[in-house]
Amino acid sequence: MEKDILVRMQEDLERALTKPAENRRWVMLLDTRKCTSCKACSVACASENKLPPNLWYRPVFEREDGKYPKPTRTALPKPCMQCDNPPCVTACPVKGADGATWKETRGIGTGVVPVNYAKCIGCAKCVPACPYSARTMDNGRFHTEGTPQLMKYETMPSFEYGRNWPRQGKHQPVGNVRKCHFCMHRLANGMLPQCVTSCVCRMGYFGDANDPESLLAQVIKANQTKIQILKKEKGTKPRVYYLGNINLEVFHGYF
Amino acid sequence: MAISSDSNQEKQLPGTNDQRKVSRRDFLKTSTLAGCGALAASQLDFARGIIARVEAGEITSFEAYQLMQAENTLYTVCLNCNTGCGIKVKIMDGVAVKVDGNPYNPWTLHPHIPMKEAVAKAAKIDGAICPKGQAGHQGAYDPYRIRQVLKRAGKRGEGKWRSIPFDQAVDEIVNGGLLFADIPGEEKRRVAGLKELYVLKDPKIYEEMGSDVAKIRKKKMTVAEFKTRHAANLHLLIDPDHPDFGPRNNQFVYWWGRKKGGRADFAKRFTEQFATVNTHGHTTVCQGSLYFACKAMSEQYAGESFRDGQKFYWQPDTENSEYILFVGSNLFDANYGPPNRSPRLTQRLVDGKVKITVLDPRFSKLAAKANRWVPVRPGTDAAFAMGMTRWILEQKKFDAKYLENANKAAAAADRESTWSNGAWLVKLDKEGKPGAFLRASELGLKARELRKDKEGNDFDFEYLVAFKEGKPVPFDPNDEKEAVEGELLVSTELKDKEGKPVRVKSGLQVMLDTAREKSIAEYAAICGIDPKVIEETAREFTSYGKKAAVDVHRGPAQHTNGFYNIASLMNLNLLVGNFDWTGGMIAASTYNTDGTKTEKQPFNFKKITPKAPKAFGLSIIRHDAKYEESTIFEPAGYPAKRNWWPLSSDVYQEILPSMADAYPYPVKVVFSYMGAPSYSLPAGQTMIEALVNLERIPLYFASDITIGTTTMYADYLFPDLHYLERWEMQGSHPNMPVKVQPVRQPVIASPNEVVTVYGEQQPISYETLWLALAEKLGLKGFGAHGFAEGQPLTRPDDFYVRMVANVATDGKEPVPDADPLEVESFLNARRHLPKNVFDQERWQRIAGPNWKKVIYLLNRGGRFDTQENSYKGDQVANKYGKLINLYQEKTYKVKDAFTGKNYFGLARYVPIADTLDRAPVELSRGYDLHLITQRDILMTKSRTISHQYLTSLMPENAIIINSVDARRLGLKEGDKVKVVSATNPAGVWDLKNGTSKPMVGKVKVTETIRPGVITFTLGHGHWATGAADVIIDGSLIKGDPRRAGGVHANAAMWIDPHLKNTCMIDKVGGSVSFYDTKVKLLKV
C-alpha cells in the first residue's frame, strides 16, 4: 500500500536538500477539509520550541456556521505565512540580512522569515504590522510558575535556528519577538516541520513547490482552482496555502 | 520533600557552556553514524546539512548531538488516554523534552515502518500523536506529584497529611491496630490489617470449601451440612451462616482504574496468593455494556450450555470499510483513538472512498465530516437499530447465505470464519416469549452424548436443532465436517418426544417479531427523527456487501438500556455477515506476554507462579453470581437490595456503595490504584459519601501520582511512577488489524523516594508496594526465590524483562537479535537512568539467552507485525473465527435480581428505567434539559488537568446548549449557570470535608447539538490533583487555580431511587447511566 504521506514528504524533503538552496521554494499547504481541530500541531510546536505561556506559533481557530440541523464546523490552523512580501520586515528598525528579521535567501532557511534573538531590540513594532498576528513578544514566563517548583523541561534552553537559546541573560528570546520558522532546525536534519509531522488527520503538506515530483506540488496542482490564500488583498504573498469547504475569509477577523 | 516547595528557578544546565566547536571527524565519531560503513544514501543526506555546518564551524557538539538525536530517543507507550499510542521520547540531559509518535507502531504512522528498519532511520521519522500525548511529559514533571508516602493527619478528605517512612506505612497496613490515635474522634478506632485477613492459606481447604459452596448454590447441600463438615475451619469464614461469602481473605478489596497488562499480572500474582475474590476494574464507567453485550454475543456452546464468552468488542476495519454507521462514537476526539483511526479515514472521506453516517445527539467533529448526521435523542439508539432491522429483514436485504449457516462446517464452505445462530430453533413459552434453544433430545431427534474434552474429562453434549425442508435437523455448532444450514424465517410447532407440542421459532424469526413490536414510524418518533432516515440508512448500510460496518462506543452503551442498545446495533453487523472480512468488523490481536502461548517462550508464568489456592465466595459486587443461588436469597426474595451481575464484572459503581451497605458482607481493608471513581462516575458524590464512612471502609490505602479526587480520601497514599517512568504491556484495541504488543518501559528517572524492599533499592511505585506487602506477609511467589530457586522477584524489572522476552519469542518466528550497533545505541540511550531503574547486568541476567532479542524489541517500543501480514486477501489475518450469538440463551437464563423475571434473550428497544423498571417520570418532572457528556481531544478525565499546554488551550469547559434552548431560557454566551437535578437540587459537589464545589459553568451557545440536549466536556471542574490547597507536614502547599477551572456536572446525574447510593445503572450490562439525566440550568 501507499506510504504514509509523512514518510513520502520526508523523502521529498531529502531530495530537496540535495538541490541548491536557491532552487527550492518551501511551501506549506493546509487542507482544512481534513482538519479535525485536534490542536496536536499547536502543542507539538509549543513543546518543540519550548514556548512560554500564551505564546503560540501555530494556533488553531474554529467556528461553526449554519443552523441546526445543518450546521458546519471548520478549523483553521495558522502558522506564520513566511510572506514573500513581509510587512514585518518592513516595520523592523534593525534592517538587513544580519539584522533582527529578514526574508532569508541563503541556506536551509531560504524563504523563511527568521528572527535573530541576538539582534532583536524588543521594540514590538513588527507585531501589529503582521496581518496574521504571527509574531508575539516573549514575556519570559513559565508554565510551572506559581506551583511548588519550576520544571527543567521548560527552563532548559530552547533550540531554534540551529542553536540553543537560554531563558536568562542577553541575546535570547525573552523580551524579544518570536514566530514560526517552519522548524528550520528540523529541515536541516531532513525532518518535516513539527506541525506537519504531528498532524493526526494528515491535513498538512510541506515541501519544495518547485519540485513537480513532490507530494506538495502534486496536491497544489490537483487543486489549483481551489487554493485559498488568507488576506490575499494585503499583497503579502504567503507561502502557506489553504483548501477548504468554505471560503476561509470568514476567519479573517480572528487574527 | 513530599512535594517540592522550592520555587527558585532551575540553575543553568551544564553542557550548554560547551563552546568547543566540533570537527567533522569528532562529529562522526560521536554520532550514530559512527562505525557504520555502508550508510544508506538517505541517512547520509539527512546528515549532510549537519555535517556541512559542523565543517563550517557553525555548531557545537551539544547542538550537533541534539540534532542527530538517535541516542537521545527512547520508545515507549503513551497513557494520557487508553488509546496507548506508541511514542518516542527525546531526552536531553536526562529530561524528557519532546514526545512524538513511534514510527514502528501502527498507531502513529500508517502504514507503520516494519521492525526490520534500522533504529537510526526510525529516529528521524516522527509519527503523529494527539495533543495530550504531545504534552505527556508535563504530567511527569507535575510539581504537585507526591514523592513520599503520605498518611492522613486529619479526617478523611480534610487535606492534612504527614509524610511517613514507606516501611512504617507498610507495617501499619499489614498489622493494623490503633493507627489513627492522633486524630480526634479516632483515638479508640482499631482497624484490622491485612495480616488479620490473610487467614485461609491451605489450598486443600479452599478446594473442599469452594466445591461445597458450589453445591450449596445448586441446592445439593445445606448450610447446616456445610457447617458440620467444616466445623474446624468455620472461624476462617466471613460469616459461617453464609459460607458462600467465602473466607475472611475476601474482606480485602482491591480496585483499579486505568491498569493494563503486565501491571495486571503483577497484581494478580499477589491477589491470587492472598486469595481474595475482590479484585475489580472500572469497565462499567467506560463502556461496560459494550463489553458485556459483546461478551454475551461471544459465549460459545460447550456441551449443554454457553460459556467462555470474551470480555471484548469488535470495531470496523476502518481503512477498508466503504460505509460506516457510527453510533455514539467519535474517533476525532476520543474512541481508540484519533491518531490511529484518523489517517485511515480522513483522506478517504475527502476522496469519497468511504461514506459515513453519524448517529449522535451532538454534531461532533466526526458528524461534521459525515455524509449524514442523524441527531437522535440520547438513549434511543436501539429504536433506530430495530427500525433498521425491521426494514432489512422485511426487504430481505440481509446476507442470507451467511445467516443460513448453523455451524462451523457450513460457514467454512462459504469461506466464512464466523457463523451466527440465526437459523437455530428457539423454544417459545406459553405466552409465546422466546426462551432457550431447542435441544434435539427434547424431540427425541438425537440423544444426548457423552464426549471427552481436551483434558480427557467426560462431558455431556446436547445437539441443537435447525429447520430444513419442513423437517427439524440436529447439529453440532462446532462441527467442522458436517455442514448444516437452516431456514431463516421459521415459526412452527413440533412434537416433543412425549408427543406434546413445542412451539419454536428460528433466531432470525424472533428477531423479526421483536423488530415488529413497533412500526418504523414509531421507532423514528422515539428517536425524534424522520422515519425516512431509518429506511435510507438501512438501504445504504446494506449496499456495500461486507464492507459496511456499525461502529459503536460509549454513546449507546452508557444508558440504563445500554446492553440492548449495543446488542441491537451489533446485530446489524451480523445481518450483513461482515465479521473477519476486510472492511467489516474485526477484533484486536496481541503478542503473548505471559509465556503460555508457545514452547519457545522462555518464561511460562504459569510454571513460575506457585499454585494459588482457588479463591471462592461472593464478591462485594456480586459478579458472576446469581441472586437465586445465594444464601441471602431467602427470606429476602425480590427485589434484591442491590443488583447481582451474572453477565458482567468490573462493575465500578457497585464497589464503594456495596461496601457502604455491607452488602453482601462488610469489608476491612481497601486498596485502589490509578482510579478516581468520585470524579469519573455519574453521581460521583455518592462515592465520596462511601469513602468517608470509617465504619464500612475501615482502612483505605491508595497508589496515585498526585493527591487526586478520590485518593484525597485515603488513609495512606503511596506515590507511583508516571507512565514515562515505568513498565506495562499496553495491548491493543478492536479497530487495529495489525497484531501488536506495545511495551511501556522506563524512559526517565522518577522523583520518588528510593526505598529498600527484599534488600533491593527501588523508587516507590505500585510494584514496590505489592512487593513490600508480600514481603511483610510472607507471600509465596515473591522475594529472593519468587520465580524459582535462585530466581528472584524483588523488583519490577524481574517481572517485566521476562515478559518482554516472551513477547520477543512468541509467534512463528522470534524477533531477530539486535546487532552490535543497536546494542550500543540501546545502552547509550539509557545512560541517564539510575541503576535502580536500569542496570544492564541485571537485565541481561534476567533475559538470559534472549537478551539481544529483548534489546531489539525495546529499541522499537514493542512488537508489531507488518501491514502486509494483517490481511489475507479479502479477509483479515487475525480472525475472531467463532460463533457469534444473534439470540443470547445465556442472557435469557439470567433472572432480574429485582423482579425475578428472565432477561430478554434478543436485542430490542427498551426504554430508560431505574432498577425497579420504573420510568424516571418523577425525576424528570420540572427538569427540561437532557444532560449528556463528551470528550474533547485535549483532555481525559483526571490526568490532563496538570498539563499546562492543554489547560492554556482550554482553561475551562462550558455548558453547551442549542440556541433554541438558550433563547427560551434567556441565556447568553458566557452566562454563568448552575446545573441542578432532582437528585442534586442544590447543584453542588459535597466533598464531605466541610467544603463543597458548586456545579457552575459558562454557557456556550451552539447549533451543534439537538435542541433539548445539553453537554459538557469531561476533564475540568477538579477539586484535587493540585487544584486545592493541602497541608503536608504542617506546611501549606497552595493549589494552582488553573486546575480548578470549569465545571464537572457528574454530581447532577441521577442517583437510582431504589439503590439510593449510586447512579442509575444498566442491570444487564453493568454500564452506568451517563446520558439519561434531566437537569435544569439556573442562572447564577
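Reminder, nothing fancy here: chain letters follow the sequence lines and each chain counts from 1.
Looking at A:Glu145, the atoms closer than 4.5 Å to chain B (heavy atoms on both sides) all sit in the backbone: N, CA, C or O. Contacts of B:Arg1042 with chain A are made by side-chain atoms alone, with heavy-atom separations under 4.5 Å and no backbone atom involved. Contact of A:Thr74 with chain B is not made at all, since no heavy-atom distance falls under 4.5 Å. With a 4.5 angstrom heavy-atom cutoff, B:Leu109 touches chain A via backbone and side-chain atoms both. Heavy-atom distances place the side chain of B:Asp1040, and not its backbone, under 4.5 Å from chain A. Neither the backbone nor the side chain of B:Thr951 comes within contact range of chain A, judged by heavy atoms closer than 4.5 Å. The part of B:Ala96 that comes within reach of chain A is its backbone (N, CA, C, O), which places non-hydrogen atoms under 4.5 angstrom from that chain. Only the side chain of B:Asn962 comes within less than 4.5 Å of a heavy atom in chain A; its backbone stays farther off. When heavy atoms are compared at a cutoff of 4.5 Å, B:Val97 approaches chain A by way of both its backbone and its side chain. Neither the backbone nor the side chain of B:Leu345 has a heavy atom closer than 4.5 Å to any heavy atom of chain A. Contact of B:Ser364 with chain A is made through the backbone alone, with heavy-atom distances under 4.5 Å. With a threshold of 4.5 angstrom between heavy atoms, A:Leu51 approaches chain B through N, CA, C or O but not through any side-chain atom. Of the two parts of A:Leu6, only the side chain, counted from C-beta on, holds a non-hydrogen atom closer than 4.5 Å to a non-hydrogen atom of chain B. For chain B, no part of A:Cys41 is nearby; none of its heavy atoms comes within less than 4.5 Å.
Listed here is the closest heavy atom pair of A:Ser47 and B:His137: OG-CE1, 3.4 Å. A:Val200 and B:Pro338 get closest at one heavy-atom pair: CG1-O, 3.3 Å. Taking both residues in full, the closest heavy atoms of A:Lys39 and B:Leu938 are given as CD-CD1, 4.1 Å, listed atom of the first, atom of the second, then distance. Taking each heavy atom of B:Gln134 and A:Ser198 in turn, the nearest pair found is NE2-CB, 3.7 Å.
More than 12 heavy atoms of other residues, nucleotides or ligands sit less than 6.0 Å from atom CZ of A:Arg15.
Between the side chains of A:Tyr153 and B:Gln138, at least one donor N or O lies within less than 3.5 Å of an accepting N or O.
Put simply, of B:Gln347, B:His112, B:Arg344, B:Arg341, the one with the most heavy-atom pairs under 4.5 Å next to chain A is B:Gln347. Ranked by heavy-atom pairs under 4.5 Å with chain A, the first of B:Pro1011, B:Gly1039, B:Cys130, B:Ala368 is B:Pro1011. Of all the listed residues (A:Glu62, A:Glu11, A:Lys67, A:Lys3), the one sharing the greatest number of non-hydrogen pairs under 4.5 Å with chain B is A:Lys67. Put simply, of B:Val964, B:Ile937, B:Thr1006, the one with the most heavy-atom pairs under 4.5 Å next to chain A is B:Thr1006. Chain B forms the most heavy-atom pairs under 4.5 Å with one residue out of A:Thr144, A:Asn54, A:Val196, A:Ile5, and that residue is A:Thr144.
Salt bridge annotation for B:Asp93-A:Lys152: absent, with no cationic side-chain nitrogen under 4.0 angstrom from a carboxylate oxygen.
Taken from CE in A:Met1 to OH in B:Tyr871, the straight-line distance is 8.5 Å, to the nearest 0.5 Å. One distance of note links CD1 of B:Ile125 with CE of A:Met191; it measures 9.0 Å at 0.5 Å rounding. Between the CZ atom of B:Phe363 and the NZ atom of A:Lys70 there is a distance of 10.0 Å, given to the nearest 0.5 Å. Between the NZ atom of B:Lys98 and the NZ atom of A:Lys50 there is a distance of 9.5 Å, given to the nearest 0.5 Å.
Aromatic ring pairs are classed by plane angle as parallel below 30°, tilted from 30° to 60° and perpendicular above 60°; the pair A:Tyr68 and B:Trp373 is perpendicular.
The ring of A:Trp56 has its center no closer than 6.0 angstrom to the ring center of B:Tyr949.
The backbone N or O of B:Lys124 lies less than 3.5 Å from a partner atom in the side chain of A:Gln10, making a donor-acceptor pair. Formation of a donor-acceptor pair under 3.5 Å by the B:Thr346 side chain with backbone atoms of A:Cys201 is found in this model. Judged purely by atom type and a 3.5 angstrom limit, B:Lys369 uses its side chain to pair as donor or acceptor with the backbone of A:Arg33. In this structure, B:Glu1007 contributes its side chain and A:Glu64 its backbone to no donor-acceptor pair below 3.5 Å. A donor-acceptor pair is defined here as one N or O able to donate and one able to accept, closer than 3.5 Å; no such pair exists between the side chain of A:Thr147 and the backbone of B:Pro143. Side chain of B:Lys132 to main chain of A:Ala40: no donor-acceptor pair is present (N/O by atom type, distance under 3.5 Å, no hydrogens or angles).
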- Task: List the steps, then state whether side-chain contact (heavy atoms from CB on, under 4.5 Å) holds for B:Leu349 with A:Lys34.
- Result: CA-CA 8 Å; B:Leu349 268 175; A:Lys34 287 195 278 186; over 6 Å; no

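In this structure the side chain of B:Ser342 never reaches within 4.5 angstrom of the side chain of A:Arg202, judged on heavy atoms.
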